[in-house]
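By convention in this document, chain letters (A, B, ...) are assigned in the order of the sequence lines, proteins followed by strands, and residues within each chain are numbered from 1.
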2 protein chains.
Amino acid sequence: MNIGEIAKRAGVSRSTVSYALTGKRPVSVETKRRIQAVIDELGYRPNAAARALKEGRTRTIGLVIPPASQRLTDMQLTFVASVVDAAARADLDVLLSPSGGEHDRSFERIVTGRRVDGVILMEIRLEDERVARLRHSGLPFVGIGRTRRPEEMSWVDIDYETLIARCVHHLADLGHRHVALINRNAELVAVGYGPGHRAQSGFEHAVAERGLSGVQVCCGDDAQSGQACVEELLARHGELTAIATINEAAVAGMYRGLSRAGLAVPRDFSIVGVAARHWAENLHPPLTAADVPADEMGARAVELLIQRIADPPAPHRHHLAAPPISLRGSTGPARRGGPA
Amino acid sequence: MNIGEIAKRAGVSRSTVSYALTGKRPVSVETKRRIQAVIDELGYRPNAAARALKEGRTRTIGLVIPPASQRLTDMQLTFVASVVDAAARADLDVLLSPSGGEHDRSFERIVTGRRVDGVILMEIRLEDERVARLRHSGLPFVGIGRTRRPEEMSWVDIDYETLIARCVHHLADLGHRHVALINRNAELVAVGYGPGHRAQSGFEHAVAERGLSGVQVCCGDDAQSGQACVEELLARHGELTAIATINEAAVAGMYRGLSRAGLAVPRDFSIVGVAARHWAENLHPPLTAADVPADEMGARAVELLIQRIADPPAPHRHHLAAPPISLRGSTGPARRGGPA
DNA sequence: TCGATTCCGCGAATCGGTTCGACAGAACAT
DNA sequence: ATGTTCTGTCGAACCGATTCGCGGAATCGA
């Protein structure tokens with residue numbers, strides 16, 4: 001059922017139906033009523049492809065996610081959910097594209113086939129060819145995360161550098177002298193994953209500033225890796241009394257590793273991290289952490305993207321989240337080897 | 001850059017460019033080479049909307065997910081990931097639509113606006129108006145889950161009835177006499193969530209068959225609810241020695257509740273469930289469970305959908321997964337009040 | 001050498017919308 | 001009565017691809 005059919009049954013021309021629907025020109029109430037009656041009866045909706053073709057926009061945004069094979073973390077999932085939600089509120093549809101590895105056909109299809117009006121890019125690296133690709137194509141886009149030259153694009157991001165520094169200061173304030181940073185998985189950090197590098201940098205600076213001794217390790221994004229990682233850390237660095245981490249998926253395993261080693265949290269050992277609130281609260285003991293407002297950020301990213309689509313030459317905008325640390329149950333005064 | 005531009009620069013007509021690209025009519029190698037050269041130089045890709053309009057298909061499938069506000073379980077997430085992955089392999093894009101609650105505009109847009117060639121529906125209820133809506137619209141669709149009249153549509157599903165029955169039999173074999181079923185959250189079950197009801201049914205039959213005493217409760221889909229639920233169960237039914245559950249998100253909390261009550265798993269108390277393998281293995285102790293092949297199922301759903309799109313009048317096909325129970329560390333012989 | 005066949009490429013129609021220019025008729029001012 | 005302004009509607013062009021029918025040139029067989 002197309003617009004011609006509606007027009008015929010309502011006894012008007014196709015253009016009149018179009019104007020009645022879009023309201024871009026006045027149509028008499030009587031005509032409008034007749035058209036609406038036919039539309040309701042037939043359940044007509046304009047064909048999205050035809051409209052996209054003529055209007056030059058698709059009312060769809062692309063969301064580029066890490067390939068599904070590598071499991072999404074809870075935080076990433078929250079980003080996806082909040083982006084989809086915010087887009088739906090703005091009457092935009094969301095086209096999903098796994099990128100990286102073998103799936104780059106999907107990314108290309110979306111970008112050069114003009115399937116979307118704009119793109120939200122997740123899991124951005126310090127040097128990211130997709131950013132170059134998008135900029136070259138002229139398609140509006142917003143990053144969740146930023147590259148090494150952040151002024152060149154619009155983004156929302158978490159200030160891991162500041163947050164991890166805060167974590168270290170928090171631990172130092174509690175008297176801890178030997179602390180470790182547990183990063184995300186080694187491959188990710190190796191290919192230039194921004195949060196990993198920025199967390200390192202924040203950790204190093206804060207450790208130096210407070211005169212602490214610090215170790216850094218990468219750790220797979222799951223509980224088993226977390227456990228193994230902690231066990232190895234304890235074996236190699238017996239003096240450690242605290243961990244700061246951005247690897248939320250591994251925290252449960254870290255708890256397990258500590259408990260196996262006979263260390264109670266927070267009595268004997270402290271952990272502080274960066275994580276989504278509901279995740280931190282669900283752990284046992286609840287994790288003292290900077291609460292990443294992941295759902296807000298997804299919504300904010302959509303908002304930025306809508307603005308960029310509406311006004312491409314406008315200057316880039318950024319949003320760097322640095323939420324305060326919420327004290328929960330996982331940090332306490334240093335005991336083991338600390339100043340007692 | 002459209003097909004006309006390519007044609008002009010290559011010195012041929014637009015139709016020749018089209019035929020060179022699709023291969024639907026022979027084009028001389030020399031002409032083909034010239035066209036390809038221009039295309040490579042300009043980085044041209046056909047406009048997806050124009051193609052969709054003419055061809056009558058979008059090369060896109062819709063994936064209808066529960067609204068983002070209610071967090072996706074790990075298993076649901078795995079479905080989504082595997083669907084996206086499988087679709088990408090078939091060169092299909094995936095349009096995400098949160099449905100239910102306030103977001104039904106999105107669902108309507110996708111269905112009646114002909115934005116997609118077919119739909120995969122998640123979180124299906126025993127009576128589901130979306131199924132009626134889709135059937136009425138004539139759009140091909142496949143369910144992950146099934147309604148009360150499963151022969152009317154194509155679907156893949158997990159045989160919760162059989163699986164929970166197996167769980168009960170497994171517990172009975174170990175000597176447990178008093179067992180509980182922990183279901184998904186009460187709202188979901190109340191609105192006719194199929195797995196919830198089928199699990200109940202399987203539980204009741206198996207309990208009756210083995211002459212056990214059984215209690216059933218609903219429980220929120222998170223660790224805290226799991227803990228609260230177990231604590232209440234223990235308070236009210238001190239004779240319980242085992243739990244069967246389909247609520248994977250709550251299992252970690254159940255462990256906590258048991259441990260607080262001084263009950264060790266599996267020595268004093270057994271838990272068996274239905275969950276994704278990596279999830280079951282990540283728990284501590286690892287959960288004895290029927291390993292749901294969620295990624296396979298997503299891929300299978302895509303496969304069924306592709307077939308339905310290609311051949312709509314073909315008979316419906318179904319795929320019911322009933323994986324065996326993998327023995328891990330969370331079940332053992334009955335102790336408390338059992339035959340010692 | 002003449003027709004038949006094959007090979008290649010062109011022009012035009014088409015998909016289903018939106019949008020622009022034109023215009024009839026009513027309302028209003030002069 | 002004449003000109004002007006509005007209102008409401010129509011017809012046609014257009015977006016960028018695909019596809020059908022047609023025809024010119026080359027090849028083939030007789």
Side-chain angles (χ1 to χ4, degrees), chain A residues 1-36 38-39 42-60 91 93 109-117 137 139, chain B residues 1-36 38-39 42-60 91 93 109-117 137 139:
Chain A
M1 293 310 103
N2 57 21
I3 199 173
E5 186 69 17
I6 304 296
K8 196 186 303 173
R9 302 211 191 193
V12 296
S13 74
R14 300 195 305 148
S15 47
T16 302
V17 175
S18 179
Y19 287 126
L21 281 175
T22 62
K24 296 191 180 172
R25 276 198 193 177
V27 172
S28 74
V29 282
E30 162 55 17
T31 311
K32 221 182 280 183
R33 198 196 49 68
R34 232 172 41 242
I35 292 174
Q36 194 56 52
V38 177
I39 287 178
L42 273 69
Y44 164 81
R45 307 270 313 235
N47 177 306
R51 180 186 294 213
L53 174 56
K54 174 62 182 171
E55 289 191 333
R57 60 174 178 150
T58 59
R59 299 165 190 266
T60 304
D91 279 332
D93 287 322
R109 220 176 18 238
I110 283 182
V111 173
T112 57
R114 290 192 209 62
R115 296 204 55 126
V116 298
D117 298 335
S137 81
L139 200 60
Chain B
M1 294 311 101
N2 56 24
I3 200 173
E5 187 69 15
I6 304 296
K8 199 187 301 174
R9 302 212 190 193
V12 297
S13 73
R14 303 194 304 150
S15 48
T16 304
V17 175
S18 179
Y19 288 126
L21 282 176
T22 63
K24 296 192 179 172
R25 276 198 195 175
V27 173
S28 74
V29 282
E30 162 57 15
T31 311
K32 222 182 280 183
R33 199 197 49 69
R34 239 180 26 250
I35 291 174
Q36 194 56 52
V38 177
I39 286 178
L42 273 68
Y44 163 82
R45 307 271 312 238
N47 178 305
R51 184 191 294 226
L53 173 58
K54 176 61 183 172
E55 287 191 333
R57 58 172 179 155
T58 60
R59 299 166 189 268
T60 304
D91 279 330
D93 287 321
R109 223 178 13 243
I110 286 183
V111 172
T112 56
R114 292 193 209 66
R115 297 201 54 119
V116 298
D117 298 336
S137 82
L139 200 60

Check nucleotides 7-10 of chain C for protein N or O atoms closer than 3.5 Å to its own N or O atoms and list the pairs.
residue : atom : partner : partner atom : Å
C:dG9   : OP1  : B:Ser28 : OG           : 3.0
C:dG9   : OP1  : B:Thr31 : OG1          : 2.2
C:dG9   : OP2  : B:Ser28 : N            : 2.9
C:dG9   : OP2  : B:Ser28 : OG           : 3.4
C:dG9   : OP2  : B:Thr31 : OG1          : 3.4
C:dG9   : O6   : B:Arg25 : NH1          : 2.9
C:dC10  : OP1  : B:Ser13 : N            : 3.4
C:dC10  : OP2  : B:Ser13 : N            : 2.6
C:dC10  : OP2  : B:Ser13 : OG           : 2.9
C:dC10  : OP2  : B:Thr16 : OG1          : 2.5

With sequence neighbours excluded, residues passing side chain to side chain contact (heavy atoms under 4.5 Å, CB included) with [X]:
X       : answer
B:Arg25 : B:Tyr19
B:Lys54 : none
B:Leu53 : A:Ala49, A:Ala50, A:Leu53

### Summary
dist A:Ser28:OG -> A:Arg34:CZ (nearest 0.5 Å) comes out at 7.5 Å
### Task
Starting from P on C:dG16, measure out to CZ on B:Arg114 and report it in whole angstrom.
8 Å
### Summary of salt bridge (charged side-chain N to carboxylate O under 4.0 Å, His left out) pairs that have at least one residue in residues 9-18 of chain A, sequence neighbours excluded
A:Glu5-A:Arg9
### Task
Would you name the heavy atoms of A:Asn2 and A:Tyr44 that are closest together and state the gap between them?
C-CE1, 3.7 Å
### Query
Of all of residues 43-58 of chain A, which get a heavy atom below 4.0 angstrom from DNA chain D, listed by number?
A:Leu53, A:Lys54
#### Entry: Counterpart residues, side chain to side chain donor-acceptor pair (under 3.5 Å), relative to A:Asn47 (two or more places apart)
none
### Task
Mind checking side chain to side chain donor-acceptor pair (under 3.5 Å) for A:Ser137 and listing every partner two or more places apart, or none if nothing turns up?
none
### Message
Taking B:Arg115's backbone N and O only, do any of them form a donor-acceptor pair with B:Thr58's side chain (distance below 3.5 Å, no angle check)?
### Response
yes
## Note on the structure
salt bridge (charged side-chain N to carboxylate O under 4.0 Å, His left out) filter on B:Arg45, not counting sequence neighbours, yields none
### Message
So, using salt bridge (charged side-chain N to carboxylate O under 4.0 Å, His left out) as the criterion, who are the partners of A:Arg59 when residues are at least two apart?
### Response
A:Glu55
### Query
Can you pull the contact range of chain A along DNA chain D, 5' to 3', using atoms under 4.0 angstrom from its heavy atoms?
D:dG8 to D:dG16
#### Entry: B:Leu21 side chain reached by B:Ile39 side chain, heavy atoms, under 4.5 Å
yes
### Task
Would you mind reading off the bend of the helix from C:dT1-D:dA30 to C:dT30-D:dA1 from its two end axes, five pairs each, to 10 degrees?
50°
